[in-house]
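What follows is one structure encoded as structure tokens, with my remarks underneath.
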Number of protein chains: 2
Amino acid sequence: MPRKFLVPTVAALSVAVTTAAFSGGHGSPEEQVIGARNALMTLYGFNSGILGGMARGNVPYDAESAIAAAENLAAAASMDQMHFWVPGTDNVAMEGKTRALPAIWETPDDYAAKNQDLADAAAALVATAGDGVEAVGAGMGQVGAACSACHKAYRGPRI
Amino acid sequence: MPRKFLVPTVAALSVAVTTAAFSGGHGSPEEQVIGARNALMTLYGFNSGILGGMARGNVPYDAESAIAAAENLAAAASMDQMHFWVPGTDNVAMEGKTRALPAIWETPDDYAAKNQDLADAAAALVATAGDGVEAVGAGMGQVGAACSACHKAYRGPRI
């Protein structure tokens with residue numbers, strides 16, 4: 001299993017859920033966990049959007065900007081996932097509040113591998129983002145493939 | 001200026017705002033930038049909440065969980081800030097949509113220093129989070145001080 005997807009023990013999960021309630025965030029502990037996941041996905045999308053815009057030629061390529069976005073995407077994708085996937089926070093238990101399919105918890109090793117694919121693609125893009133718009137396009141192809149593979153398997157319908 | 005707060009050039013900012021429009025996110029480019037900032041703050045809060053809950057003794061201390069939260073907080077706080085602070089996204093220009101005061105753009109070096117204080121406090125906590133609940137409490141004191149200093153100077157009223 002990739003190091004960064006530490007499937008938490010039940011004890012650790014209890015800690016996560018309970019402590020989340022003291023974070024000062026909004027909603028139930030489960031809603032706060034979902035909010036944190038959504039925040040992570042927002043950062044994936046924001047940084048991917050900057051890079052994708054360059055790759056599609058919608059804006060001038062800028063090396064410094066591309067590298068910054070790639071670094072942030074890699075940092076987000078490399079976060080330890082242990083607190084993000086608390087049991088009871090799928091789209092059946094939390095209907096209308098998340099698109100996370102129960103399959104994530106049924107095949108956690110595969111989920112972890114798919115997340116690692118994104119982390120690897122982002123890390124590769126950090127190394128090449130300064131090499132020009134074609135390099136960004138090639139790297140974003142790998143990032144996009146990782147996004148799609150995970151969404152296809154583990155993301156439910158829009159809510 | 002701390003390395004990670006790269007005050008963007010006007011050209012880079014144009015890139016950021018324009019590309020954000022192609023990210024597939026919701027709202028205007030400026031709203032997407034604000035959404036990304038809010039996502040970052042959500043991740044600060046979520047991970048700080050886990051650590052703060054342990055420090056206050058509300059839940060049993062768990063070393064693995066504490067380290068994971070500290071690592072994620074450090075990763076978030078160390079992100080390159082260049083795309084997050086686009087001019088025109090303060091709480092005057094975007095009234096009711098953000099709490100970011102114009103002072104951020106008026107004294108960017110001080111803002112950057114305060115952000116670096118958080119990154120430094122989080123990095124220190126990564127090193128000590130496994131040492132027990134008292135270490136987490138001490139480390140969270142530094143994290144909380146960094147949060148408060150920045151909010152006092154640069155965060156406007158609730159919206």
Side-chain angles (χ1 to χ4, degrees), chain A residues 4 6 8-9 11-26 29 32-33 35-56 58-62 64-76 78-84, chain B residues 4 6 8-9 11-26 29 32-33 35-56 58-62 64-76 78-84:
Chain A
K4 281 294 182 183
L6 303 168
T9 63
L13 288 170
S14 300
V15 168
V17 174
T18 311
T19 49
F22 297 95
S23 72
H26 300 291
Q32 291 182 41
V33 168
R37 290 202 305 249
N38 289 346
L40 189 64
M41 298 297 161
T42 294
L43 292 178
Y44 288 173
F46 182 69
N47 290 291
S48 297
I50 292 168
L51 293 158
M54 289 183 195
R56 286 189 294 273
N58 292 326
V59 290
Y61 168 75
D62 177 82
E64 183 188 15
S65 179
I67 292 168
E71 286 181 341
N72 287 359
L73 178 62
S78 299
M79 284 187 181
D80 192 309
Q81 301 270 322
M82 114 183 244
H83 298 121
F84 289 116
Chain B
K4 281 294 183 184
L6 303 169
T9 63
L13 288 170
S14 300
V15 168
V17 173
T18 312
T19 49
F22 297 96
S23 72
H26 299 291
Q32 291 182 40
V33 168
R37 289 201 305 248
N38 289 347
L40 189 65
M41 297 297 161
T42 294
L43 291 178
Y44 288 172
F46 181 68
N47 290 292
S48 296
I50 292 168
L51 294 157
M54 290 184 194
R56 286 190 293 273
N58 292 326
V59 292
Y61 168 76
D62 176 81
E64 184 188 16
S65 179
I67 293 168
E71 286 181 341
N72 287 359
L73 178 62
S78 299
M79 284 187 182
D80 191 310
Q81 301 268 324
M82 112 183 245
H83 298 121
F84 289 116

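The chains referred to below are lettered A, B, ... by the order of the sequence lines, with proteins before strands, and numbering in each begins at 1.
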What is the distance from atom [atom1] of [X] to atom [atom2] of [Y], rounded to the nearest 0.5 Å?
X        : Y        : atom1 : atom2 : value
Glu64(A) : Met82(B) : CD    : CE    : 4.0 Å
Leu43(A) : Thr42(B) : CG    : OG1   : 9.0 Å
Asn47(B) : His83(A) : CG    : NE2   : 7.5 Å

Heavy-atom contact with chain B under 4.5 Å, split by part of Ala74(A): neither

Between the main-chain N or O of Asp80(B) and the side-chain N or O of Asn72(A), is there a donor-acceptor pair closer than 3.5 Å? yes

